[in-house]
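Working notes for the structure below.
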Number of protein chains: 2
Amino acid sequence: MHAMAWTARNSEGYAAPVALAADAVVLTVRDGVLLVLCVRRDDGALVLPGGFVGETETPLETVRRKLEEKTGVRQGYFEQLATFAEPGRDPRGWVPTVAHLALVPPDTEPTDPAAAWVPARPAPALAFDHGAILAAALDRLEGKLWWSNVAVGILPGAFPLSQARSVYAAIAGVDYDPATFARDLKATGLIEPTGEQQADGPGRPAALYRFVSADPAWGAGRRKRVAPPASART
Amino acid sequence: MHAMAWTARNSEGYAAPVALAADAVVLTVRDGVLLVLCVRRDDGALVLPGGFVGETETPLETVRRKLEEKTGVRQGYFEQLATFAEPGRDPRGWVPTVAHLALVPPDTEPTDPAAAWVPARPAPALAFDHGAILAAALDRLEGKLWWSNVAVGILPGAFPLSQARSVYAAIAGVDYDPATFARDLKATGLIEPTGEQQADGPGRPAALYRFVSADPAWGAGRRKRVAPPASART
DNA sequence: TCAATAGTGTCTGTAAGACACTATGTA
DNA sequence: TACATAGTGTCTTACAGACACTATTGA
């Protein structure tokens with residue numbers, strides 16, 4: 001079953017990577033729980049979704065393509081994370097991977113039966129260096145949460161502040177005071193009221209908001225509290 | 001003179017990158033000016049230093065090796081920045097590059113005659129996508145300045161606060177009040193007094209400080225003012 | 001003694017956390 | 001009316017920016 005490691009040479013005769021991979025830490029929030037999309041391989045290993053970068057595409061395009069194959073989603077927030085290129089990281093040979101962070105709506109369902117949502121905390125046991133990739137993604141996400149519109153990938157087009165608060169709290173690992181949360185999220189300038197309301201069950205109907213931009217954007221610069229970084233929580 | 005673009009295939013028959021590159025945005029501060037190390041190629045193009053990643057090394061090791069070849073320095077602050085892998089970015093063929101941020105002491109002198117220090121602002125005209133790499137490096141540096149010990153790469157082992165202030169001001173593109181600067185840098189917990197003093201010219205001698213750690217580390221979390229990001233300054 | 005640089009103390013504005021209180025819907 | 005959720009107002013603490021003032025050296 002064990003194939004020999006792949007090799008590759010370029011036309012100048014020097015060794016080249018045998019392939020360039022692109023992996024994605026695909027995250028969403030359901031019922032206040034941060035979930036990561038994982039794939040169970042035939043050999044039982046639990047890994048992050050990913051694939052090989054084609055000659056004519058960027059790693060980001062690879063990630064979008066693979067994610068669409070596995071879940072059908074095209075929308076979300078996508079961002080390059082870091083490249084993992086330690087020589088022995090992939091048993092197939094020299095395969096650097098460009099890791100990405102992807103946030104998708106909570107109603108995203110895996111179409112590939114090997115893929116499934118798994119709670120991101122505590123971190124699941126992933127094969128190869130995928131645990132380190134996941135940790136890097138969570139650190140990045142927490143770090144950008146209050147400084148950018150990352151959450152636009154998870155929240156629907158129009159949402160009440162309570163839903164935003166649930167998402168932010170799940171990502172940050174902290175509970176936010178509703179009043180303070182509303183004040184500070186509005187102060188970032190990243191969201192704006194839609195003018196509509198949503199009545200959902202008992203209680204006063206909530207005003208709906210939307211993100212001003214769906215493209216990556218930066219906020220006014222808050223300092224809000226988040227839990228200690230995942231790397232320090234072990 | 002135009003060679004045909006290189007090609008590469010792996011042993012499975014699929015196209016592979018023809019090589020993996022690692023480039024570095026090497027920065028330092030001299031006399032309050034932020035400088036970037038550039039290389040003038042034989043064809044006249046101004047580029048960032050870099051090289052091909054070997055089969056048995058990480059991109060970071062490539063960067064350290066290349067920098068030692070060009071300047072002799074081994075110490076400094078090194079960090080991976082981002083990977084640039086747009087299909088047509090390199091005329092030689094499919095060559096993704098893992099860009100790095102490197103901060104080195106100001107007395108670092110190029111040994112390679114083709115390399116020279118160039119003011120980083122306004123940004124010099126660089127070939128290929130190296131301008132975008134430089135811009136990303138400056139954004140990252142400004143963003144991390146007050147949250148990490150990045151500056152440890154530029155400052156000597158022991159330094160007066162006035163020197164640190166000069167370096168921070170050059171990076172941030174802002175002048176800091178000496179009193180406020182001292183209070184806030186000490187509050188990060190990243191530096192500690194050496195107990196020694198340095199008399200340099202007229203005036204009261206300055207107490208010397210050192211960074212607690214030379215390895216990448218995070219501070220207590222300030223919010224200090226920096227100039228608008230380079231990407232917004234054009 | 002003066003100039004120059006280092007360092008301290010304090011005032012002010014702004015923002016984050018906490019929480020009491022009001023508003024508006026459904027059962 | 002009871003209850004549940006949405007939203008407002010305000011108090012407190014912390015910290016960044018500004019700046020006046022003191023300290024310590026060399027010329």
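Labels below follow one simple rule: chain letters A, B, ... track the order of the sequence lines, proteins then strands, and each chain is numbered from 1.
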Please determine whether a side-chain nitrogen of the Lys or Arg among [X] and [Y] lies less than 4.0 Å from a carboxylate oxygen of the Asp or Glu.
| X | Y | result |
| --- | --- | --- |
| A:Glu68 | A:Arg65 | no |
| A:Glu142 | A:Arg121 | yes |
| A:Glu192 | A:Lys186 | no |

Starting at atom [atom1] of [X], determine the distance to atom [atom2] of [N], rounded to an integer number of angstrom.
| X | N | atom1 | atom2 | result |
| --- | --- | --- | --- | --- |
| A:Asp184 | D:dT8 | CG | P | 14 Å |
| A:Leu185 | D:dA6 | CG | P | 15 Å |
| A:Asp200 | D:dC3 | CG | C1' | 16 Å |
| A:Trp146 | C:dA16 | CH2 | P | 9 Å |
| B:Phe181 | C:dG9 | CZ | P | 19 Å |
| A:Gln198 | D:dG7 | CD | P | 10 Å |

(request) Under the side-chain hydrogen bond (donor to acceptor under 3.5 Å, both in side chains) rule, collect the residues that match up with B:Arg64, sequence neighbours excluded. (result) none
(request) List the protein contact pattern of nucleotides 19-27 of chain D with one symbol per nucleotide (5' to 3'): B for base contact, S for sugar-phosphate-only contact, - for none; contact means a heavy-atom distance under 4.0 Å. (result) B---BBBS-
(message) Whether the side chain of B:Arg183 and the base of D:dG17 hold a donor-acceptor pair under 3.5 Å is what I'd like checked.
(response)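 In this structure, the two groups form a donor-acceptor pair.
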(request) Have a look at B:Ile154 and tell me which of B:Pro105, B:Pro106, B:Ser166 forms a side-chain contact (heavy atoms from CB on, under 4.5 Å) with it. (result) B:Pro106
(request) Classify the angle between the aromatic ring planes of A:Tyr176 and A:Phe181 as parallel (below 30°), tilted (30 to 60°) or perpendicular (above 60°). (result) tilted
(message) Let's see if you get this right: which residues in residues 155-165 of chain B place a heavy atom under 4.0 Å from DNA chain C?
(response) B:Ser162
(request) State, with a plain yes or no, whether a side-chain heavy atom of A:Val33 is found less than 4.5 Å away from one of A:Val29. (result)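 With C-beta onward as the side chain, the pair stays apart.
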(request) Please examine the side chains of A:Leu161 and A:Ile191, heavy atoms only from C-beta on, and report whether any two atoms are closer than 4.5 Å. (result) yes
(request) Have a look at A:Ala206 and say if it touches a base, only the backbone sugar-phosphate, or nothing, with a 4.0 Å heavy-atom cut-off. (result)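 A:Ala206: backbone/sugar contact only, no base atoms under 4.0 Å.
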(request) Please check the phosphate of D:dC15 (OP1 and OP2 only) for any side-chain N or O of B:Lys186 closer than 4.0 Å. (result) no
(request) State whether a side-chain donor-acceptor pair under 3.5 Å links B:Thr62 with B:Glu57. (result) yes
